[in-house]
Amino acid sequence: MATYVRGGRATAGTVVRVIGTVIAVILVAHILFVLLGANADNPLVVWVAQWAGALALWFGNLFATGSEALNVILNFGLAAVFWLVVTGLIARVLYRAG
C-alpha cells in the first residue's frame, strides 16, 4: 500500500493560495457592499472597507471614471485579480519545488 505525504513546500503553496483567496473575498465583499448600498455604519461593512482599503495597495484610486460604482469595480476588482494571480504564481512555484 502506497502512502502519500505532502511536502512542506506543497503545504506552503496551499497556504499561500488560501491567503490569496481570502484577500480576494474581502475585496469582492467590499465591492458588493458598495454596489448594494450596505449600511456604512455596520461593523462588518466598516471592517471590510478598512481591510479592502489596505489590501487594494496602489489600485485603490487608480481609475477615476466619474461613477463611484464603476470606480469601485475597476479599482478593487483589479486588486482582487492581482492578489489571485500573484499568490497563484507563488503557490505554483512552491508546488513545483516541493
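Both backbone and side-chain heavy atoms feed into the values below; hydrogens, waters and symmetry mates do not. All values derive from a computational prediction rather than experimental measurement.
In terms of heavy atoms, T87 sits closest to G20 at OG1-CA, 3.4 Å. Closest approach of A52 to I26, counting heavy atoms only: N-CG2, 4.1 Å. Nearest heavy-atom pair across A80 and V28 is CB-CG2, 4.4 Å. Across all non-hydrogen atoms, the minimal contact from R17 to R92 is NH2-N, 4.3 Å. Nearest heavy-atom pair across G13 and A91 is O-CB, 3.3 Å.
Residues V22 and F76 are members of one and the same hydrophobic cluster, defined by side-chain heavy-atom contacts under 4.5 angstrom among Ile, Leu, Val, Met, Phe, Trp and Tyr. Grouping the Ile, Leu, Val, Met, Phe, Trp and Tyr side chains by contacts below 4.5 angstrom, directly or via other members, places V15 apart from L89. Residue V34 is not grouped with residue V46 when hydrophobic side chains (ILVMFWY) are merged at heavy-atom distances under 4.5 angstrom, including chains of intermediate members. Each of F82 and V85 belongs to its own hydrophobic cluster when Ile, Leu, Val, Met, Phe, Trp and Tyr are linked at side-chain heavy-atom distances under 4.5 angstrom. Hydrophobic clustering, with ILVMFWY side chains joined whenever heavy atoms are under 4.5 angstrom apart, keeps V81 apart from L35.
In this structure, the side chains of V45 and N39 stay at 4.5 Å or more apart for every pair of heavy atoms. When side chains are defined from C-beta on, L44 counts as touching V48, because their heavy atoms get closer than 4.5 Å. In this structure, the side chains of L74 and L78 stay at 4.5 Å or more apart for every pair of heavy atoms. Side-chain contact between L57 and W83 is present, with heavy atoms from C-beta onward closer than 4.5 Å.
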N/O donor to acceptor pairs below 3.5 angstrom from side-chain atoms of residues 58-65, sequence neighbours left out:
from	atom 1	to	atom 2	distance (Å)
T65	OG1	S67	N	3.3
T65	OG1	S67	O	3.4
T65	OG1	N71	OD1	2.7

Exercise for the section: Determine, stepwise, if the pair F33 / N42 fulfils side chain to side chain contact (heavy atoms under 4.5 Å, CB included). Expected result: CA-CA 11 Å; F33 287 158; N42 182 289; over 6 Å; no
Practice task
Would you check, one step at a time, whether the test side chain to side chain contact (heavy atoms under 4.5 Å, CB included) holds for L27 with I31?
Solution key: CA-CA 6 Å; L27 292 166; I31 293 169; 5.5 Å; no
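Scanning for side chain to side chain donor-acceptor pair (under 3.5 Å) contacts around T21 gives an empty result, with sequence neighbours left out. Annotation: side chain to side chain contact (heavy atoms under 4.5 Å, CB included) contacts of A49 (sequence neighbours excluded): H30.
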